[in-house]
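What you are looking at is a predicted structure, and each value in this text was computed from that prediction instead of being measured. We count residues from 1, following the sequence as given.
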Amino acid sequence: QAGARPASRAVNMVPMRKLLVALATAAFAAMTPAAHAIDTPNLDGAWEGSLHFQKSSFAFDKVADAESIHDVKLHIDIHGPVITLTFGDADKSDDGSPGVFHIAQVKTNAVIFGTRYLPGDGPGWTESWALIVTPRDDKTLLVSFSRLVSNSGFPDDKANIKFSTHVDGELTRVGP
């Protein structure tokens with residue numbers, strides 16, 4: 001047949017095309033900056049804003065005051081390894097156990113975590129917090145916050161409950 005290619009030549013073209021595509025891809029990748037080259041932002045400073053409860057925030061045991069889903073105000077002071085959290089309005093705030101928090105930062109993201117214990121008649125009240133943060137820009141911090149409580153034998157009417165909450169939102173830098 002006139003114009004027909006030998007089968008051996010058609011077979012050899014496939015590996016050649018694959019090689020050319022691989023070389024072009026490698027050349028493009030060499031010109032693209034690596035994703036890990038992002039500068040590490042300085043998260044030090046005062047941040048505050050409102051975080052929003054998720055629909056499934058209150059898991060495990062029923063919590064009496066969890067019937068109405070609402071926002072919670074959060075203020076974070078990060079100064080190197082010293083971190084303080086304040087929850088709520090100034091007149092009804094919970095100090096968030098200053099001095100128990102740690103921060104682990106890798107490039108743009110950080111995890112702020114802590115656990116506190118209050119003794120009771122039984123094991124007591126133990127709660128843990130974890131905040132995952134990343135900056136949107138140098139004035140805005142995206143936050144995902146989780147809290148887990150185990151209250152076993154604490155001397156009041158809320159004894160022996162275990163619950164968790166989860167809130168998300170943005171904080172704004174309000175100070176150095």
Side-chain angles (χ1 to χ4, degrees), residues 21-61 63-118 125-151 161-176:
V21 168
L23 288 172
T25 303
F28 180 74
M31 296 183 319
T32 305
H36 65 275
I38 297 170
D39 290 337
T40 301
N42 183 356
L43 300 177
D44 282 5
W47 302 86
E48 66 182 32
S50 292
L51 303 180
H52 314 287
F53 282 91
Q54 299 305 305
K55 189 171 188 173
S56 61
S57 282
F58 296 92
F60 313 119
D61 295 335
V63 180
D65 61 358
E67 292 298 322
S68 64
I69 302 302
H70 54 280
D71 294 344
V72 62
K73 292 185 180 184
L74 176 64
H75 179 96
I76 304 175
D77 281 306
I78 303 172
H79 298 288
V82 179
I83 298 159
T84 304
L85 290 123
T86 305
F87 301 96
D89 296 322
D91 59 338
K92 295 181 179 180
S93 68
D94 175 2
D95 66 9
S97 295
V100 302
F101 290 96
H102 310 278
I103 187 167
Q105 182 175 356
V106 176
K107 294 294 181 185
T108 58
N109 289 15
V111 178
I112 300 168
F113 58 97
T115 298
R116 102 174 146 174
Y117 168 76
L118 299 171
W125 179 286
T126 307
E127 71 180 274
S128 300
W129 300 276
L131 291 91
I132 302 170
V133 301
T134 192
R136 178 183 297 276
D137 52 45
D138 61 344
K139 295 180 182 174
T140 309
L141 196 62
L142 303 178
V143 177
S144 179
F145 171 74
S146 293
R147 174 183 179 210
L148 182 65
V149 174
S150 177
N151 175 9
I161 62 170
K162 290 160 184 61
F163 68 93
S164 70
T165 58
H166 186 85
V167 291
D168 295 307
E170 295 182 2
L171 303 180
T172 303
R173 189 187 297 266
V174 295

Non-hydrogen side-chain atoms of L131 and I76 separated by less than 4.5 Å: yes

Side chain proximity check, E48 to T86, heavy atoms < 4.5 angstrom: no

Nearest-0.5 Å distance, CD1 of residue I103 to CD1 of residue I112: 4.5 Å

Straight-line distance of I83 CD1 to I78 CD1, nearest 0.5 Å: 5.5 Å

Spacing of CG belonging to L74 relative to CD belonging to E170, to within rounding of 0.5 Å: 13.0 Å

Minimum heavy-atom distance between L148 and S164, given as atom pair plus value: CD1-CB, 3.7 Å

V143 side chain reached by V167 side chain, heavy atoms, under 4.5 Å: no

P135 versus T108, closest heavy-atom pair with distance: CD-O, 3.1 Å

Nearest-0.5 Å distance that lies between atom CG in L43 and atom CG in D138: 11.5 Å

Side chain to side chain, L85 and F101, heavy atoms closer than 4.5 Å: yes

Test item: side-chain donor near acceptor, S144 and H166, under 3.5 Å: yes

Heavy-atom closest pair, residues F145 and L51: CB-CD1, 4.2 Å

Heavy-atom pair with the smallest gap, counting every atom of K162 and S150: CE-OG, 3.7 Å

Geometric class of the H102/F113 ring pair [parallel <30°, tilted 30-60°, perpendicular >60°]: tilted

Donor-acceptor contact present, side-chain R173 to main-chain D44, <3.5 Å: yes

Minimum side-chain heavy-atom gap K107-T40 below 4.5 Å: yes

Separation between OG1 of T84 and NE2 of H79, rounded to the nearest 0.5 Å: 8.0 Å

R136 and its side chain to side chain contact (heavy atoms under 4.5 Å, CB included) partner, picked from L171, L142, T172: L142

Exam field: side chain Q105 to backbone P41, donor-acceptor pair closer than 3.5 Å: yes

Rounded distance [0.5 Å steps], CH2 in W125 versus CZ in R116: 8.0 Å

